[in-house]
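Since the structure comes first, as C-alpha cells, the remarks are kept for the end.
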There are 2 protein chains.
Amino acid sequence: MDAKHPVQTTEKTLALIEQLIEGGPYGVTELSHELDMGKSAVHNHLTTLQSHGYVLKADGEYRLGLKFLEIGGHIRKSMEFYEVAEPEVKALAAETGELANLLVEEQGVGVYLMRAKGDDAVDLDTYAGLRTNLHTTALGKVILANLPESRVEEIIDQHGLETKTPKSVGTRDELFDVLDDVRERGYAIDDGERLEGLRCLAAPVKASSGAVLGAISVSAPASRVSDEDLHGALPERVLSAANVVELNINY
Amino acid sequence: MDAKHPVQTTEKTLALIEQLIEGGPYGVTELSHELDMGKSAVHNHLTTLQSHGYVLKADGEYRLGLKFLEIGGHIRKSMEFYEVAEPEVKALAAETGELANLLVEEQGVGVYLMRAKGDDAVDLDTYAGLRTNLHTTALGKVILANLPESRVEEIIDQHGLETKTPKSVGTRDELFDVLDDVRERGYAIDDGERLEGLRCLAAPVKASSGAVLGAISVSAPASRVSDEDLHGALPERVLSAANVVELNINY
DNA sequence: ATAAGCGTTCTGCCTTAGAGAACAGAACGT
DNA sequence: ACGTTCTGTTCTCTAAGGCAGAACGCTTAT
C-alpha cells in the first residue's frame, strides 16, 4: 500500500539507503547523479545518516554501517517464534548433517530468519533476512497451504508467480493443486524446483489458533536423499522439530 | 560527528525508528506523545516507512519489519572479512564445544558479526549486531591493542571507560598497561571481567598492512578452562583460527 | 602552474512538512 | 441503542526548512 501523504524528504533518504545497499561505497557526486539530486541535498542526507550511525564515511566515500545489522538482530531476537525455533533448527541441522532453514511470511513474501549448516550441508547463498517468493520454495508452499485461500489470492495478485526453473509451479491452478497436496500430507516438498538437484522438505509451525507462524525445512542434494527418505524418515524428523516448536510456543 | 546541516525531517523519521526499536508495537497517538510530534506527522512518517517495507501495521499498531534484518544481512554478507572468518569461527565452536565470537570495530565500538555455539556452549545473550564497549571484552582489547595509540585515546575520549564489574579496567593507565601485555602475548584474556565466572580468550585478525580487521574469541565457564588451558592449548587454537583467516584474506 | 575533479559550505527561493481541526469507525459502559 | 471516548486517518493552510545552484577550499592529474 502506498502512503496517502508520503513524507518526500524521508523517501529521498530511503532512496539513498537503497542505493547504498545495491552498490557502493559511493561518493557524493556519484550518488547525486545516480539519484538525480543536488550534491548539497545528498551531502545533507548522508551526514544526517552518519551522525545517527546508519552511514559511515571512509576515505571520502560513504557506505552503510552495521547499525542495520544491530536493528535487524534486535528485531529478530525479540520474536518469540525465532527464539523458540532457533535451537530446534540447529539441532535439525546437526542431526541430519544438512542445511536447515527457518522462514516466516511478511507482506506476502518469505523471509529467512536463519539457516543452520550441518557437517555435510550444501552451501546455498541464503542468509538471514533474505526474501523469496513463497511459491518457489517448500518453505513458502507450506506457509501458503496454511493461509486462508483469499490471502493466497491476494499474494499471487501482488507478487505474481514468477518461475525460476521449468519445474516450478507456473499457474494459479497448479499452485492450488499443490497446496491441496501439502495440506493433505502435512509437509511440502521441493524436488529440484528452485535449484536443479536440490531436494527440500518443509513443515509448518502453527499457533494453537491454527494460524501459521512460519516453517522449518531441510535442504539436501538429491544424491543423498532417496525417494524413501523423502516420504519417510525425513518428513518425520522435520515434522517432529516443527511440533516441538509448536509445543514450546503454546506452552 | 554531528551533521552541519542535518535534514530535520529525516531525523524525525530516525527518531521514530529508534522508538520502535525500544518498545512497541506502538499506536499513532502513543508515538506522537512519546516523540512530541503531531499525530498527522507521525502518521505520515509511519505510512511512508510502511510503503517502503521498513514498518508494518498489524491490528492497528505499527512495528518494525524484517527489512532491517535483510539490509543488515546483506551488508554483513558483502564483508569479505565476515565471509572468510565465518567458517573458521564455526569450526572453532565445534572443536572446542564452547561459544565462539567474531567482532569488528566500527566508530569506536565493537560490533559482534556472529557467534557460533558448540555443544556445551554457555548461552550469553549476545547476537549479531550487538554493540559493546571495546575495553570491556577480550575481543575489544585485542582490537584496541592493535590500533594506533592516538586512535585509542580518541575512542576513550568518545566512549569513556564505563566499567561493568569491579574487575574491569577502570582507568586509562590501567588500560594501556593491559594493552601492552596483549601486544606482547599476541592475545587477550578476560577472566570474569565482563561476567563473573566467564573466561574469554581473543586473538586479532590483521591485514597484511598490519591494520586490524577484527577479532575472534572463545568464551567458556571458568570451571571448564584451567589456568594451563588459558595460557596453553586455548590461545594456540584461537590464534591458529585467526591465522587461517589472515592467510585466506591476504591470499 | 594550471586545470579538473572532489567534498563541503552558503544563500535564498519555493516546495512541503506538519500543527491542529475535523472526521470515521471501533470499543466501551450505561 | 445510546452517547462518550478512545482510536487512526484526512484535510487545510502557513511557517519552516529542503535543496538547487553557485561559490569555496582541497587534492590529484596534467
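Here the structure is a predicted model, which means the values were calculated and not measured. In what follows, chains carry the letters A, B, and so on, assigned in the order in which the sequence lines appear, proteins first and then strands, with residues in each chain numbered from 1.
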(request) Report the residues that fulfil side chain to side chain donor-acceptor pair (under 3.5 Å) with A/T136, sequence neighbours left out, ordered by chain and then residue number. (result) A/T132
(message) Can you pull out the residues from residues 29-43 of chain B that lie within a 4.0 Å heavy-atom distance of DNA chain C?
(response) B/M37, B/G38, B/S40, B/A41
(request) Shoot me the first and last contacting nucleotide of DNA chain C against chain A, ordered 5' to 3', at under 4.0 angstrom to non-hydrogen atoms. (result) C/dC6 to C/dA17
(message) I need the full list of salt bridge (charged side-chain N to carboxylate O under 4.0 Å, His left out) pairs touching residues 124-138 of chain A, with sequence neighbours left out, sorted by first then second residue.
(response) A/E106-A/R131, A/R131-B/E70
(message) Filter on salt bridge (charged side-chain N to carboxylate O under 4.0 Å, His left out), then keep only pairs touching residues 74-85 of chain A, sequence neighbours left out; what's left?
(response) none
(request) Please name all residues satisfying side chain to side chain donor-acceptor pair (under 3.5 Å) with A/K90, sequence neighbours left out, ordered by chain then number. (result) A/E86
(message) Applying salt bridge (charged side-chain N to carboxylate O under 4.0 Å, His left out) as the test, list every pair that has at least one member in residues 7-24 of chain B; sequence neighbours left out.
(response) A/K67-B/E18
(request) Give, ordered by number, those residues of residues 8-17 of chain B having at least one heavy-atom distance below 4.0 Å to an atom of DNA chain C; if nothing qualifies, reply none. (result) B/T9, B/K12
(message) List the residues meeting side chain to side chain donor-acceptor pair (under 3.5 Å) with B/Q8, not counting sequence neighbours, and say none if there are none.
(response) none
(request) Five pairs at each end of the helix from C/dA1-D/dT30 to C/dC28-D/dG3: take the axis at both ends and give me the angle between them to 10°. (result) 30°
(message) Aromatic contact between B/F68 and B/Y54, with the criterion being ring centroids under 6.0 Å apart: yes or no?
(response) yes
Using atom types as modelled, flag every donor-acceptor pair under 3.5 Å from a side chain in residues 23-32 of chain A to any protein atom, sequence neighbours excluded.
unit_1	atom_1	unit_2	atom_2	d
A/Y26	OH	A/Q19	NE2	2.9
A/E30	OE1	A/G27	N	3.4
A/S32	OG	A/T29	O	2.8

Kindly list each side-chain donor-acceptor pair under 3.5 angstrom involving residues 138-150 of chain B, sequence neighbours excluded, with atom names and distances?
unit_1	atom_1	unit_2	atom_2	d
B/K141	NZ	B/E193	OE1	2.8
B/K141	NZ	B/E193	OE2	3.2
B/N146	OD1	B/K206	NZ	3.2
B/N146	ND2	B/V142	O	2.7

